[in-house]
Amino acid sequence: MKIKITTKELKSDFAEEVKKRSGIDVKKCYQCGKCTAGCPVAYEMDYMPNQIIRFVQIGARREALTSRTIWLCASCITCTTRCPKEVKIAELMDVLREMSLEEGLANPLEKNITTFHEAFLNSVKKHGRISEIGMIQEYKMKRPKTAMQDLLVGPQMLSKGKLSFLPHNIKGKNAIKKIFEKCK
Amino acid sequence: MTEENKFEPRIVAFLCNWCTYAGADLAGTGRKEYQANVRVIKLPCTGGIDPLFLIKAFERGADGILVSGCHPGDCHYNSGNYHARRRWNVYKPLLEFCGINPDRIQFSWISAAEGAKWVETINGVVDTVRALGPFENYQKLNTIGSDTSVSSETG
Amino acid sequence: MQIEEKTKIGYYPGCAITMGSSSEEYGTSVLRVAEEIGPELEEIHDWNCCGASSAHATNHKLSTALSIRNISLAEQSGYKEILAPCPMCSQRLIVSQNDVEEDEELKKDVEDAIEMPCNGGVKIINYLELIKNYCMDEIAEKKKKTPKDLKIASYYGCLLLRPPKVLKFDDPENPTSMEEIVEATGATSVDWELKTNCCGGGFTLSRTDVVLKLTNDILECAADAGADAIAVACPMCHANLDMRQKKIGKEYNRKFDIPIVYISELIGLALDLGPISLGLNKHFIDTESVVNAFA
Amino acid sequence: MSKKIGVFVCHCGTNISATVDVEKVAEEAKKNNPGVSYTTTYKYMCSDPGQKLLRDKIKEEGLDGVVVAACSPKMHEHTFRNAAIKTGLNPYHVEISNLREQCSWVHPDKPTGTEKSIDLVRMMTEKTRKDKSLNPIKVPVTKRALVIGGGIAGIQAALDIADGGQEVIMVEREASIGGHMAQLSETFPTLDCSQCIMTPKMVEAAQHENITMHTWSEIESVDGYIGNFDVKIRKKARSVDLDLCTGCSSCWQVCPCKKIKSEFDMGMGNRTAIYIPFPQAIPSKPVIDRENCILFKDARKKNIKPNDSKVCRKCIDACPIAPVKAIDYNQVDEIVEEKVGAIIVATGYKELDDTSLYGEYGGGKYKDVITGLQFERLASASGPTEGAIKRPSDGKEPEIVVFIQCVGSRDPAKGCSYCSKTCCMYTAKHTMLFKHKVHHGHAFVFYIDIRCAGKGYEEFSQRAIEEEGATYLRGRVSRIYKKGEKLVVLGADTLTGSVVEIEADMVVLASAMKAQDDATKIAQAVYIQYDKDKFLSEIHPKLKPVESSSAGIFLAGTCQGPKDIPETVAQAGAAASKVLALLSADELEREPVVAKVDRSPPPVFSTCIGCFYCQKVCPYSAIESEDIKARDGSVIKTVARVNEGLCQGCGLCAATCRSKSVELAGFNDEQIYAEINALEFN
Ligand SMILES: Cc1cc2nc3c(=O)[nH]c(=O)nc-3n(C[C@H](O)[C@H](O)[C@H](O)COP(=O)(O)OP(=O)(O)OC[C@H]3O[C@@H](n4cnc5c(N)ncnc54)[C@H](O)[C@@H]3O)c2cc1C
Ligand SMILES: Cc1cc2nc3c(=O)[nH]c(=O)nc-3n(C[C@H](O)[C@H](O)[C@H](O)COP(=O)(O)OP(=O)(O)OC[C@H]3O[C@@H](n4cnc5c(N)ncnc54)[C@H](O)[C@@H]3O)c2cc1C
Ligand code: SF4
Ligand code: SF4
Ligand code: SF4
Ligand code: SF4
Ligand code: SF4
Ligand code: SF4
Ligand code: SF4
Ligand code: SF4
């Protein structure tokens with residue numbers, strides 16, 4: 001992998017922007033790699049968690065926001081827990097995902113994950129709570145390749161009464177919609 | 001030939017206290033392994049080595065000798081090592097006259113900081129002398145008696 | 001507005017453990033145990049989904065607002081404490097509460113979105129905390145059954161403990177509270193290494209492969225440590241370890257048959273509450289061996 | 001009378017015993033050796049109980065010779081000899097067999113190590129048999145110290161000694177004391193102004209009644225030995241009489257040669273031909289740079305005495321001192337002789353200035369690629385730009401500055417393997433100073449490692465990154481080239497695996513701290529050693545960090561190796577305390593390892609034939625001639641005699657003497673032959 005970083009990127013205040021949005025100061029990171037060492041998903045990532053921080057440090061915005069890593073992060077917060085410099089890496093991943101979506105940079109290779117989030121939130125938006133079956137349905141429709149997965153699990157869940165066909169609608173459904181509106 | 005293979009040369013090293021002896025110590029501190037054929041005699045300065053010491057060592061059964069001191073210009077005593085070298089030039093013919101192949105005597109400069117060089121040098125001397133074979137002239141002298149003439153190795 | 005203070009604890013089940021959801025047996029057993037030994041739980045009126053990982057992963061403000069709405073509702077109902085047995089929920093609620101406390105601007109935005117004030121002062125606790133704070137004496141008193149030779153690996157996962165600076169619950173690397181509860185039920189705790197490892201959580205649908213790998217590591221470790229069953233306090237951990245266990249075995253060529261039980265179910269068994277009333281029949285991996293151990 | 005020798009074989013924990021069968025060594029030492037009357041082994045000979053064992057056995061067994069088979073004599077020869085003294089045994093009957101450094105640690109095979117150890121012990125036993133009692137030599141002490149070099153190290157050491165009540169002679173090569181510290185802007189880790197903390201010390205040194213200062217002076221020669229050095233100091237012709245001059249500045253204000261690059265400003269500013277190096281110079285009296293002065297050039301061309309030249313003379317005309325002017329064009333070098341008892345070498349370092357070394361960084365071609373010290377001068381409030389950061393090429397304020405660490409250090413390919421130890425810190429400092437002055441500026445630092453180990457240092461460098469916003473990039477720069485007004489810096493960030501290209505306005509190289517060009521000359525002048533990088537060598541890096549290999553000569557500051565000011569000052573204090581300890585006695589004891597010329601009873605008187613070959617080879621001129629006279633005063637014989645005060649015990653004389661009339665105590669022929677005979681190779 002080779003990236004060319006020029007003065008323009010180095011001078012960009014990507015790090016500053018991230019800090020403004022999240023309060024996370026990536027400059028504190030001294031690249032010890034402990035976050036990466038403990039990350040359960042690192043083996044699947046295209047860039048290691050510490051490299052994502054490094055990208056932010058040196059203004060490599062595109063590399064950070066188009067990475068698969070930010071989507072693969074499971075939000076387990078192991079990294080934040082153990083970082084010697086108290087950098088909130090897991091929380092940084094949240095911000096980067098948010099920015100990645102805003103800028104339309106989300107890596108298409110992890111579309112499953114973004115679609116899942118969409119489906120999940122759509123369900124919340126609609127009903128105020130999760131309709132599991134509805135959410136799964138939406139997800140599977142949008143990601144047809146996954147449709148055959150879990151074919152065995154679904155019926156079993158239904159038979160055990162663990163999936164209800166009726167959505168849980170809450171009274172304050174409209175209030176929830178409003179929240180979604182205001183938090184766009 | 002098996003006799004040949006078994007030959008382990010016996011080396012005496014005359015070392016100056018300040019540089020090479022300390023260099024050899026450093027090799028030890030650094031746990032740098034080398035061949036155990038060497039017996040060290042420490043002197044304040046290689047300049048203080050009387051060539052007769054070397055002849056005596058051969059007489060006592062040494063197969064090779066190393067004289068090692070400080071680098072030129074670094075001598076603890078300023079010019080001692082330089083004198084040693086000069087004296088060696090004077091005495092070299094004498095040793096040859098005594099039937100000693102000059103390859104059996106080696107000189108080197110090893111500073112207190114050169115543990116690795118000590119190891120390299122001493123291994124080199126042992127290997128060289130191993131290739132030359134045992135130095136038997138004086139032993140013969142001692143064991144057989146004075147009526148046997150000594151054939152010069154250098155010839 | 002005058003709020004009537006309640007001694008009851010506000011109950012926030014969250015989506016996963018309500019009736020008819022994937023992990024309803026957790027909710028069922030939590031409520032069943034509470035009925036038996038207290039404290040009194042009362043469902044927060046009209047609670048909504050906290051947004052879970054999908055909200056915080058993609059929209060911080062939305063995630064915070066969804067969580068805070070629940071806290072504000074609880075506040076208005078006068079609860080001083082909220083029990084959120086699902087660690088995802090409890091973590092989201094606590095982190096959101098912390099975030100608005102630290103960020104005045106965020107707080108304003110959130111209050112504006114939920115159209116309710118958020119004054120703080122409500123404490124959110126997870127299920128282990130509830131048991132440790134309120135029920136240890138009761139368990140000891142009302143315990144009816146002691147399992148024979150039941151070795152349990154306590155599995156915390158990530159969200160019960162992390163981020164530690166905000167959650168302030170137990171030791172994040174070497175937690176012991178679940179083991180204490182396990183031992184209170186009379187079962188034996190096994191010492192094992194991966195009790196705080198991540199199971200892959202919300203990737204169960206989107207990156208099943210990741211979940212399979214992580215859960216395989218966990219199952220292997222517990223099995224190698226000699227555990228008869230794994231205790232959990234998280235619906236996601238449960239789903240990943242229980243529902244997918246067969247598939248994991250297939251994928252990684254090792255047959256597992258390790259019941260995954262909720263800690264609340266274990267307590268229930270010790271109190272001799274019926275297995276079905278605890279939802280133990282709803283598991284994918286048969287729990288009979290655990291139930292039988294309490295016979 | 002045969003000696004009773006005791007052999008003590010040390011296990012050194014398992015350092016020796018793991019690869020040497022110590023019991024067997026002890027046993028063999030006794031076998032076939034009636035001289036050895038006692039042998040034992042012990043876990044740690046150097047420990048208190050080990051030493052007690054030695055003392056007890058000397059007494060109980062009546063030993064009059066001891067071989068300790070243990071670590072290198074360099075470690076504990078002293079320890080065991082001192083232990084012997086306590087029992088009344090003359091310490092020179094104690095010898096060490098080096099079983100650890102030269103056997104157990106280097107020969108892992110146990111039978112081999114054991115066999116060699118047995119030989120080594122036998123050789124020492126035989127030598128011990130021939131050992132003679134020697135008594136320490138007492139020499140008087142001149143209660144005065146010489147400090148060479150007037151940087152912070154020299155100044156601190158001089159002040160400490162002077163405050164301790166002893167006289168100090170200080171010799172500084174430049175026209176002012178102060179050294180490099182005077183050049184620095186602000187200093188890490190506290191960022192206080194260097195001048196502000198330095199100037200008072202310089203003034204104090206200049207005014208101290210116990211300190212005599214010779215600036216613009218060099219060491220001509222050093223003779224003698226600990227307690228008794230004879231020093232010749234060359235006071236270079238300054239062309240200004242320090243007693244008359246008042247430092248009024250009239251002369252340098254009128255000097256027409258204004259474009260000479262100032263050494264003090266690292267070429268970033270100019271000075272005149274008659275000049276003081278910097279405004280706070282001590283003494284604040286000028287010197288004429290004879291190379292560049294018009295008058296001297298003229299005199300050289302015409303081959304006349306400088307004072308006879310008619311050109312210029314502006315300075316002397318401006319000098320208000322009357323009736324005799326303070327300027328003296330005809331002044332010549334003067335040699336001053338001083339006697340001192342101890343010497344501190346504090347000659348400091350130089351910054352790497354061999355620009356040709358780094359062709360890839362422009363090799364000196366680009367004006368806006370400067371060194372660390374040049375940056376110090378730019379940032380200094382009293383520097384050529386009065387502290388404004390300006391590019392040398394066009395005087396513009398640089399917005400993007402790239403700092404490159406480890407230039408000339410840690411670069412074995414360019415002949416330097418060591419770390420300069422200060423540059424990580426001063427680069428962090430530079431980024432801060434830059435940001436303080438150019439708020440919108442960006443500082444980029446290329447580094448291999450950030451080595452900031454010291455109290456508060458890590459925090460300091462992190463501050464540069466976290467608070468002052470310097471961007472650190474992990475990687476070495478490969479190339480700098482020019483593109484318009486910009487310098488394109490081609491580097492890498494190994495942390496992301498990316499190539500990094502920065503268009504910079506200025507580049508600062510953290511150039512290595514190197515040994516002074518004449519370090520080896522100084523070392524040879526005072527008979528001390530230096531390392532592969534020409535830094536002067538301490539005798540033991542941990543336990544004797546300020547002592548040189550020559551008795552009575554101590555080291556302070558960066559002449560010994562790269563270090564920062566706190567460490568320099570600490571070392572200077574340590575050296576001063578050693579000097580004070582030395583000067584506190586009226587006489588001191590020396591090791592009696594010295595040569596001695598034979599004196600026989602009449603009629604021989606001495607076997608010496610008076611050839612004086614020995615005198616020719618003695619590096620310390622320790623051999624004198626002595627007339628042996630009859631009662632009537634007539635000379636019977638002229639023979640050699642060794643001055644014990646001067647003799648350093650090299651043995652050259654002994655090896656040279658054909659009549660075997662001079663021998664070295666402790667290493668006489670008998671002793672060496674005993675060792676050789678013990679080889680038992682046959
Ligand atoms: C760019 C740069 C920035 C630095 N910044 C800092 C900092 O912020 N903080 C810090 O703690 N350290 C800093 N240092 C290190 C600091 O400069 C040294 O630690 C300190 O100056 C060493 O002092 P010294 O007395 O040993 O040597 P020097 O200052 O070199 O003094 C030696 C003196 O001896 C004289 N001399 C040399 N040879 C002879 C001779 N043959 N005869 C007579 N006199 C002789 C010289 O003229 C000189 O006056 C910096 C170094 C560099 C290169
Ligand atoms: C793992 C490790 C490895 C190291 N290896 C090396 C190495 O290889 N090389 C090296 O150079 N350095 C090494 N060091 C560093 C070295 O240990 C220290 O530099 C050195 O020991 C410091 O000596 P000291 O006298 O300052 O302190 P200490 O050795 O701590 O001595 C302090 C003494 O003061 C006594 N004391 C404390 N308080 C009081 C009190 N109130 N009243 C009376 N007495 C008191 C203590 O009991 C102790 O005996 C190493 C350090 C560590 C931790
Ligand atoms: S653990 Fe913290 S300091 Fe270390 S690399 Fe990760 S974020 Fe940076
Ligand atoms: S929070 Fe994300 S980046 Fe951090 S350890 Fe967990 S999965 Fe890895
Ligand atoms: S005397 Fe030397 S060899 Fe013996 S214990 Fe001490 S250090 Fe080790
Ligand atoms: S003019 Fe004369 S007195 Fe004044 S500084 Fe120059 S030499 Fe000294
Ligand atoms: S003679 Fe002229 S050029 Fe020379 S120093 Fe004096 S004023 Fe300057
Ligand atoms: S101190 Fe830092 S910059 Fe200087 S040589 Fe060492 S590592 Fe390189
Ligand atoms: S070399 Fe020997 S003989 Fe000649 S003067 Fe010196 S001591 Fe006397
Ligand atoms: S031993 Fe001899 S040659 Fe060496 S210093 Fe002493 S007198 Fe001079």
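Letters go in sequence order (proteins before strands), and every chain restarts at 1.
- With a 4.5 angstrom heavy-atom cutoff, I114(C) touches chain A via backbone and side-chain atoms both.
- Within the 4.5 angstrom heavy-atom criterion, only side-chain atoms of K165(C), from C-beta onward, approach chain A.
- Residue with the most contacts toward chain C among I176(A), T114(A), L101(A), I70(A): I176(A) (heavy-atom pairs, distance under 4.5 Å).
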**Request:** For R162(C) and T80(A), run side chain to side chain donor-acceptor pair (under 3.5 Å): C-alpha distance rounded to whole Å, both residues' side-chain angles, the deciding distance at 0.1 Å, then the answer.
**Result:** CA-CA 8 Å; R162(C) 301 197 278 257; T80(A) 304; over 6 Å; no

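- Ion pairing between K213(C) and E44(A) fails under the 4.0 Å rule for side-chain N and carboxylate O.
- Using a 4.5 Å cut-off between heavy atoms, F180(A) touches chain C through backbone and side chain atoms alike.
- In this structure, the portions of I113(A) lying under 4.5 Å from any heavy atom of chain C include both its backbone and its side chain.
- The CG atom of L62(C) sits 6.0 Å away from atom CG of L121(A), with the distance rounded to the nearest 0.5 Å.
- Looking at T18(C), the atoms closer than 4.5 Å to chain A (heavy atoms on both sides) all sit in the side chain, from C-beta outward.
- Annotation: cation-pi geometry not satisfied between R207(C) and W71(A) (NZ/CZ under 6.0 angstrom from ring centroid, within 45° of ring axis).
- Neither the backbone nor the side chain of E181(A) comes within contact range of chain C, judged by heavy atoms closer than 4.5 Å.
- For L72(A), the parts lying near chain C are the backbone and the side chain together; criterion is any non-hydrogen pair under 4.5 Å.
- Within the 4.5 angstrom heavy-atom criterion, atoms from both the backbone and the side chain of N59(C) approach chain A.
- Without hydrogens or angle criteria, E98(A) side chain to A57(C) main chain gives no donor-acceptor distance under 3.5 Å.
- Using a 4.5 Å cut-off between heavy atoms, D112(C) contacts chain A through both its backbone and its side chain.
- Only the side chain of E110(A) has a heavy atom closer than 4.5 Å to any heavy atom of chain C.
- Using a 4.5 Å cut-off between heavy atoms, P172(C) touches chain A through its side chain atoms alone.
- The parts of D209(C) that come within reach of chain A are both its backbone and its side chain, each placing non-hydrogen atoms under 4.5 angstrom from that chain.
- A salt bridge is defined here as a Lys NZ or Arg NE, NH1 or NH2 lying under 4.0 Å from an Asp or Glu carboxylate O, and K182(A) with E115(C) meets this definition.
- Rounding to the nearest 0.5 Å places CG of L159(C) at 6.5 Å from CD1 of I77(A).
- Using a 4.5 Å cut-off between heavy atoms, I170(A) touches chain C through backbone and side chain atoms alike.
- Of the two parts of H283(C), only the backbone, made up of N, CA, C and O, holds a non-hydrogen atom closer than 4.5 Å to a non-hydrogen atom of chain A.
- Proximity to chain C (any heavy atom under 4.5 Å) is shown, for E102(A), by neither the backbone nor the side chain.
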